[in-house]
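So that the names make sense, note that chain A is the first sequence line, chain B the second, and so on, each numbered from 1. These numbers come from a predicted model, not from an experiment.
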Amino acid sequence: MEMEKLVSLCKRRGFLFQSSEIYGGLNGFWDYGPLGVELKRNIKDAWWRDMITGHDDLSVLTGAPAKYQMVGLDCTIIMHPQVWKCSGHYDLFHDFMVDCRQSKKRYRHDQVRGRWVEAKGKKIFVSTTAEAAEEEAETERKALKFFKLRSKNADELSWTSDFVSLSAMSDFAEVLGPDANELGTLTPPREFNLMFKTIVGALGSEDDAAFLRPETAQGIFANFKNVVDSSRVKIPFGIGQVGKSFRNEITPRNFTFRSREFEQMEVEFFCRPEESQEWYKYWRDRRYQWYLDLGLADERLQLRDHDSDELSHYSTGTADIEYAFPFLPSGEFGELEGIAHRGNFDLRSHMEGKLNPNTNPLELETNEHGQPKHRGSGKDLSYRDKETNERFIPHVIEPSAGADRAALAFLCEAYCEDEAPDEKGKMQSRTVLKLHPRLAPIKAAIFPLVKKDGLPELAQQIYRELKQDHNVFYDETGAVGRRYRRQDEIGTPFCITVDSQTLQDKTVTIRDRDSLEQSRINMNDCATEVARRIAGKGKVCSENPS
RNA sequence: GCGGGUGUAGCUUAGUGGUAAAGCAAUGGCCUUCCAAGCCAUCCAUGAGGGUUCGAUUCCCUUCACCCGCUCCA
């Protein structure tokens, strides 16, 4: 499937528009049109229903280690700045980057290391991005090449310093960049603010700087105690939240896949440390199945466990649910959702202060004076088991999904060009969105076959009745075939048509979008039939010829 | 952020230093008894800003957006 066709359809039919399009657009921001907003809302509603309000906390769900509770939360986008300092985002999202004018590469300032060397009366700083084990050999190789020396003359190189990070350098004039063969090609370090900054208060100054949240999760951690104290939840339980997050992406690209403003659907699931591994596996598999149940094909969906070297020290497991988006090279997948075992890192960071994620066991990150780099709240965020009277800091499993990425994946999966007969029975190509009925923006369209003999009045009667429970659409213009095709293109799963036979026996036809099959049902049964078909329809996207 | 490419109607394309053309779509009619039919009518465009010029959609500059490749992806 070509991405341009889907992008074009999204615009033409009102799923997605570029933000501020009349002013030329804004890179990394997208608006949802009348149909897109319904699709995205259906995705969020399905998630909320399946994870939170519809959750059966009295039964042990298939694959789950035990019964558990689920509650929701809706936190503010702007939070106390200390939240982001303790969460690690403040440090992590303020990278200093240097660019190389020669190699055109960009490096994280603190990840480039090197040492001073002198030869032939000239002193230079040789830098590299190589691993610590190889940096000595790598800098020697580079120095030899720069001074045009043979390996056997390596003793002519006089190393005058230990390895230091580029961040310790004040001037790059004598620096040989990691991929450069001349000096002074590195630009001064520039700050990349990946969090959106704003000022709180009408007269606020830089001291009143605050940030738009780069994830919804921290609001849940910050409210952990409030939820425990107010809602009678007992561990194990989860807190879910759906909402906007903001990241100043360096390169937004691939339609809505990497946007600067996006919506997340996150659960923070709190459990006993010794049971956390089982819960991690449960959530990983449960979330994967959710996408399958809503129609993503398993050959385009994968559950990828992170390798141990990708994991944070405090995490005993992280998996990504990934989808083979059509804009990616063949064989590559893009992340829809990450399920991370986060240990007690977050709750402890908000208690004690920012922890150093590279320590094991976790230690407080300190500044040059030995003081905490970012002070925590000092509040006790531990949990007391009312039965055993045991107090502990829960471990956290975090399934974190992107609503916009899910919407994009469902659209990509649903887009389909197949054939349908025209009025002469000849096969014509048709564009159809084979969206799961739960996700389809419009559940059913109601047509009078012709605009006379009282058929419109009957159709409108059905329309009004269905409207009470579903988002339905009424259309009486043009040939009925054209109306069917219009609905196919926006993914409407069912079309109900009133014809002359309705006048005699009160039956109407209901047409299935995917099979094109029509069956006659009593016009008074339309609402129940549509509800039955939406609920009963399993996987509808089993075939995707593109 | 770098390099290359592209911007004409909702979409697909045409064209020109001097009135911007068509098909499809949309809208309103007529006609139509089940899968994009037909007829009539209507609506809509040179991404933005500046320069050269009597005159710029066309030439030049800047900018914005999109696509491809690098980079980045917390």
Side-chain angles (χ1 to χ4, degrees), chain A residues 2-5 7-14 17-30 33 84 87-95 97-108 111 179 187 190 192-195 214-215 245-255 257-260 312 320 327 329 334-335 338 357 418-432 445 447-453 455 476-489 495-503 508-513 515-518 520:
Chain A
E2 297 126 69
M3 203 57 202
E4 300 85 66
K5 286 188 176 176
V7 174
S8 167
L9 181 137
C10 283
K11 173 159 191 213
R12 185 159 35 92
R13 302 311 302 269
F17 307 123
Q18 197 173 13
S19 171
S20 325
E21 197 190 57
I22 60 168
Y23 289 108
L26 190 59
N27 194 352
F29 296 90
W30 298 89
W84 308 112
S87 71
H89 290 89
Y90 182 83
D91 294 337
L92 207 54
F93 280 31
H94 283 74
D95 287 339
M97 310 289 285
V98 294
D99 291 303
C100 177
R101 297 186 189 94
Q102 187 189 12
S103 69
K104 306 294 183 199
K105 291 193 182 224
R106 172 175 297 153
Y107 313 95
R108 265 197 38 197
Q111 283 179 353
D179 298 285
T187 62
R190 286 177 290 184
F192 278 65
N193 284 301
L194 298 173
M195 280 198 291
E215 63 171 40
S245 291
F246 304 81
R247 296 181 188 183
N248 230 334
E249 297 286 351
I250 296 170
T251 314
R253 210 173 273 198
N254 288 330
F255 204 20
F257 182 76
R258 180 168 292 133
S259 300
R260 290 183 162 135
S312 313
D320 285 344
F327 49 77
E335 182 183 344
D418 65 5
E419 297 202 318
D422 66 13
E423 61 173 343
K424 297 182 187 70
K426 213 174 101 190
M427 296 309 275
Q428 302 283 344
S429 75
R430 77 167 178 154
T431 301
V432 51
F447 308 144
L449 188 58
V450 289
K451 219 185 325 184
K452 59 181 186 185
D453 302 337
L455 301 189
E476 60 178 30
T477 56
V480 74
R482 174 188 294 273
R483 287 178 259 160
Y484 285 143
R485 296 300 172 85
R486 275 200 284 246
Q487 295 303 318
D488 289 341
E489 203 178 43
C495 291
I496 292 164
T497 304
V498 171
D499 57 20
S500 58
Q501 194 180 328
T502 311
L503 298 171
V508 295
T509 62
I510 179 163
R511 165 196 184 263
D512 183 272
R513 175 194 67 200
S515 67
L516 302 178
E517 277 167 18
Q518 284 180 284
R520 292 204 81 89

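Between F327(A) and T431(A), the residue whose closest nucleotide on RNA chain B is further toward the 5' end is T431(A).
At a cut-off of 3.5 angstrom, counting only N and O atoms as typed in the model, there is no donor on one side facing an acceptor on the other between the side-chain of Y23(A) and the base of C64(B). Between the side chain of S8(A) and the base of C11(B) there is no donor-acceptor pair of N/O atoms closer than 3.5 Å. A donor-acceptor contact under 3.5 Å is not formed by the side chain of R482(A) with the base of A36(B).
Residues T431(A) and R13(A) have side chains not in contact (no heavy-atom distance under 4.5 Å, counting atoms from C-beta outward). Contact check for W84(A) versus E215(A): side-chain heavy atoms found under the 4.5 Å cut-off. Within the 4.5 Å cutoff, the side chain of V498(A) has no heavy atoms near those of the E476(A) side chain.
Going from atom CG of N254(A) over to atom P of C72(B) covers 16 Å, rounded to whole Å. What separates CD of E489(A) from P of C11(B) is a distance of 14 Å, to the nearest Å. Rounded to an integer number of Å, the gap from K11(A) NZ to C44(B) C1' is 12 Å. One can place CZ of R12(A) at 17 Å from C1' of C44(B), the figure rounded to the nearest angstrom. Here G10(B) presents its P atom at 12 Å from CZ of F17(A), a figure rounded to the nearest Å. The CZ-P distance, from R513(A) to A36(B), rounds to 18 Å in whole Å. Atom CZ in R430(A) sits roughly 16 Å away from atom P in A37(B) (whole-Å rounding).
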List the steps, then state whether side-chain contact (heavy atoms from CB on, under 4.5 Å) holds for T497(A) with Y484(A).
-> CA-CA 10 Å; T497(A) 304; Y484(A) 285 143; 2.8 Å; yes
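Closest contact between the side chain of T477(A) and the listed nucleotides C34(B), A65(B), G28(B) involves G28(B). Here U33(B) is the nucleotide among U33(B), G28(B), U32(B) with the atom lying nearest to any side-chain atom of D453(A). Nearest nucleotide to the side chain of R247(A), out of U33(B), A74(B), U32(B): A74(B). Distance from the side chain of R485(A) is smallest to A36(B) among A36(B), A74(B), U33(B). Considering only the side chain of V450(A), U32(B) comes nearest among U32(B), G10(B), A74(B). In this structure, of C66(B), U27(B), G10(B), it is C66(B) that holds the atom nearest to the side chain of N27(A).
The P atoms of C60(B) and G5(B) are separated by 13 Å, rounded to the nearest whole Å. Atom P of C68(B) sits at a distance of 34 Å from the matching atom of A36(B), rounded to the whole Å. Rounded to a whole angstrom, the distance from the C1' atom of G55(B) to that of G1(B) is 40 Å. On the P atoms, U58(B) is 26 Å away from C2(B), given to the nearest whole Å. Rounded to whole Å, the separation between the C1' atoms of G50(B) and G15(B) comes to 26 Å. A22(B) and A45(B) have their P atoms separated by 15 Å, given to the nearest Å. Straight-line distance between the C1' atoms of G17(B) and G51(B): roughly 15 Å, to the nearest whole Å.
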For RNA chain B, produce a single dot-bracket line, 5' to 3'. Pairs: Watson-Crick or G-U wobble, both distances under 3.5 Å. Symbols: ( ) within strand, [ ] crossing, | other strand, . unpaired.
-> (((((((..((((....[..)))).(((((.......)))))....(((((..]....))))))))))))....
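A sub-4.0 Å separation between OP1 or OP2 of U32(B) and a side-chain N or O of K451(A) is absent. The phosphate of C66(B) has OP1 or OP2 within less than 4.0 Å of a side-chain N or O from Q18(A). Between U71(B) and R253(A), no contact under 4.0 Å exists linking OP1 or OP2 to a side-chain N or O.
Note that the CZ atom of F447(A) and the CZ atom of R511(A) stand 8.0 Å from one another [nearest 0.5 Å].
Evaluation of the ring-ring contact (aromatic ring centres under 6.0 Å, His included) rule for F257(A) yields F325(A), F327(A) as partners, not counting sequence neighbours.
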